[in-house]
Number of protein chains: 2
Amino acid sequence: MSLRDQMRKGSTEILILSLLADQPMYGYQISQELAQRSSGYFDVKEGLLYPTLHRMQQAGLLQSQWQETETARRRKYYALTAKGREVLADQASEWQEFMRHLQAMLAS
Amino acid sequence: MSLRDQMRKGSTEILILSLLADQPMYGYQISQELAQRSSGYFDVKEGLLYPTLHRMQQAGLLQSQWQETETARRRKYYALTAKGREVLADQASEWQEFMRHLQAMLAS
DNA sequence: TTCAATGCATAATAAAATTAGGTATTGTGA
DNA sequence: TCACAATACCTAATTTTATTATGCATTGAA
């Protein structure tokens with residue numbers, strides 16, 4: 001595993017939660033948006049994305065809904081639940097705390 | 001695994017490298033120093049610490065040396081190698097980049 | 001008409017964490 | 001004195017989260 005891959009461990013959930021706070025999205029769209037908004041930095045592979053979405057739904061953070069498009073291509077849209085919003089707020093402040101501590105350690 | 005534990009994934013190496021940049025330390029001291037300097041935030045368990053130190057030495061980032069104390073308690077001191085210093089610089093900037101991107105995603 | 005892109009998914013494996021144990025010495029309070 | 005906490009090293013079994021590699025199906029473009 002590369003250095004960059006390794007340090008991204010654990011950030012997948014907050015990224016997804018953060019994205020979905022804007023609006024519901026489907027899996028493929030989530031991966032595209034993450035890459036686009038980070039200029040390619042965040043690149044969540046499918047083998048990680050879908051299991052993570054399923055796990056988060058199982059945990060009650062997301063709800064999903066199949067939607068048919070005009071072109072008959074099926075998409076499963078995910079949206080934050082109330083619990084998902086709570087967890088987003090919690091995780092965001094936890095990440096801030098983590099980054100603050102890490103910054104301090106790197107600075108000294 | 002708790003939320004905090006999860007997000008600390010991948011940060012162990014940079015923390016160790018960063019600490020040892022100051023001075024050589026032995027394993028137990030490393031864990032104590034990390035906890036103390038972060039007011040208890042960073043708490044690297046022994047089951048992670050020692051295998052990590054061994055792996056980093058294997059990778060040529062650290063060199064170690066047994067030292068006997070006046071009380072006959074043995075300590076294995078670890079010090080950064082030249083390669084370890086390079087890797088520290090690399091990882092530090094990678095972490096800065098990661099945090100910058102994550103901040104951006106959380107802000108939007 | 002083939003091939004890239006879209007869109008979902010799972011399986012096998014790897015890396016890094018956890019908990020739980022083991023060994024041994026030293027310092028301390030009841 | 002003597003049990004127990006702290007110091008100091010280590011490994012093993014397991015869990016979590018990542019990777020790569022698949023599979024299936026539809027759509028769009030060269």
Side-chain angles (χ1 to χ4, degrees), chain A residues 1-17 24-36 41-59 61-62 64-78 91 94-95 98, chain B residues 1-17 24-36 41-59 61-62 64-78 91 94-95 98:
Chain A
M1 206 182 305
S2 82
L3 189 62
R4 176 179 290 189
D5 294 334
Q6 185 184 324
M7 71 177 51
R8 272 190 306 223
K9 280 199 174 189
S11 63
T12 308
E13 264 200 37
I14 186 83
L15 289 173
I16 292 172
L17 290 171
M25 293 187 191
Y26 55 96
Y28 191 78
Q29 183 184 13
I30 290 172
S31 71
Q32 298 301 100
E33 281 286 325
L34 282 177
Q36 198 208 308
Y41 185 82
F42 292 118
D43 174 28
V44 179
K45 307 292 196 304
E46 293 182 303
L48 173 60
L49 177 65
Y50 292 109
T52 301
L53 287 171
H54 300 161
R55 187 185 355 118
M56 291 170 73
Q57 179 167 21
Q58 207 62 32
L61 311 185
L62 307 179
S64 70
Q65 187 184 346
W66 282 103
Q67 204 139 325
E68 301 300 324
T69 62
E70 59 291 344
T71 58
R73 176 168 287 165
R74 77 210 208 289
R75 292 166 171 170
K76 194 193 270 186
Y77 278 83
Y78 288 90
Q91 289 205 10
E94 293 247 30
W95 271 102
F98 168 75
Chain B
M1 209 184 302
S2 82
L3 189 63
R4 176 179 291 188
D5 293 334
Q6 184 185 324
M7 72 179 49
R8 270 188 309 218
K9 282 197 175 193
S11 63
T12 307
E13 264 200 37
I14 186 83
L15 290 173
I16 292 173
L17 290 171
M25 292 187 192
Y26 55 96
Y28 191 80
Q29 183 184 13
I30 289 172
S31 71
Q32 298 301 99
E33 281 286 325
L34 281 177
Q36 198 209 308
Y41 184 82
F42 293 117
D43 174 27
V44 179
K45 306 293 195 304
E46 293 184 305
L48 173 60
L49 177 66
Y50 293 109
T52 301
L53 288 172
H54 299 162
R55 188 185 355 114
M56 290 170 74
Q57 179 168 20
Q58 208 61 33
L61 312 185
L62 307 180
S64 70
Q65 187 185 346
W66 281 104
Q67 203 139 327
E68 300 302 323
T69 62
E70 60 292 343
T71 59
R73 175 169 286 161
R74 77 210 209 290
R75 293 167 171 168
K76 195 194 270 183
Y77 277 83
Y78 288 91
Q91 288 204 11
E94 293 246 30
W95 270 103
F98 169 76

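A note on names: the letters A, B, ... follow the listed sequences, proteins ahead of strands, and every chain is numbered from 1.
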Can you tabulate the close N/O pairs, meaning under 3.5 Å, that link protein atoms to atoms of nucleotides 10-12 of chain C?
{"from": "C:dT10", "atom 1": "OP2", "to": "A:H54", "atom 2": "ND1", "distance (Å)": "3.4"}

Taking atom [atom2] of [N] as reference, at what distance in whole Å does atom [atom1] of [X] sit?
{"X": "A:K76", "N": "D:dT26", "atom1": "NZ", "atom2": "P", "value": "18 Å"}
{"X": "A:I30", "N": "C:dT6", "atom1": "CD1", "atom2": "C1'", "value": "15 Å"}
{"X": "B:I16", "N": "C:dA17", "atom1": "CD1", "atom2": "C1'", "value": "13 Å"}
{"X": "B:Q29", "N": "D:dA6", "atom1": "CD", "atom2": "P", "value": "18 Å"}
{"X": "B:Y26", "N": "D:dC9", "atom1": "OH", "atom2": "P", "value": "7 Å"}
{"X": "A:L49", "N": "C:dT6", "atom1": "CG", "atom2": "P", "value": "14 Å"}
{"X": "A:M25", "N": "C:dT6", "atom1": "CE", "atom2": "C1'", "value": "17 Å"}
{"X": "B:E68", "N": "D:dT7", "atom1": "CD", "atom2": "C1'", "value": "15 Å"}

Kindly write out the residues that satisfy side chain to side chain donor-acceptor pair (under 3.5 Å) with [X], not counting sequence neighbours, or none if the list is empty.
{"X": "A:Q29", "result": "none"}
{"X": "B:T52", "result": "B:R55"}
{"X": "B:Y28", "result": "none"}

[X], nearest nucleotide to its side chain (from [options]):
{"X": "A:R74", "options": "D:dA18, C:dG7, C:dA16", "result": "C:dG7"}
{"X": "A:R75", "options": "C:dA9, D:dA8, C:dG7", "result": "C:dG7"}
{"X": "A:W66", "options": "C:dA17, C:dT19, C:dC8", "result": "C:dC8"}
{"X": "B:Y28", "options": "C:dC8, D:dA8, D:dT19", "result": "D:dA8"}

Just N and O in the side chain of B:T12: are any of them under 4.0 Å from OP1 or OP2 of C:dA16? no
Report yes if the side chains of A:F42 and B:F98 come closer than 4.5 Å at any heavy-atom pair, otherwise no.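 The answer is yes, as the side chains (C-beta and beyond) meet within the 4.5 Å cut-off.
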I'd like to check the side chain to side chain contact (heavy atoms under 4.5 Å, CB included) partners of B:Q67; sequence neighbours left out, ordered by chain and number. B:Q65, B:Y77
Rounded to the nearest 0.5 Å, what's the gap from CG on A:L61 to CD1 on A:I16? Could you check?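 So the CG of A:L61 and the CD1 of A:I16 are separated by 10.0 Å.
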Once rounded to the nearest 0.5 Å, what's the spacing between atom NE2 of A:H54 and atom CG of A:L49? 8.5 Å
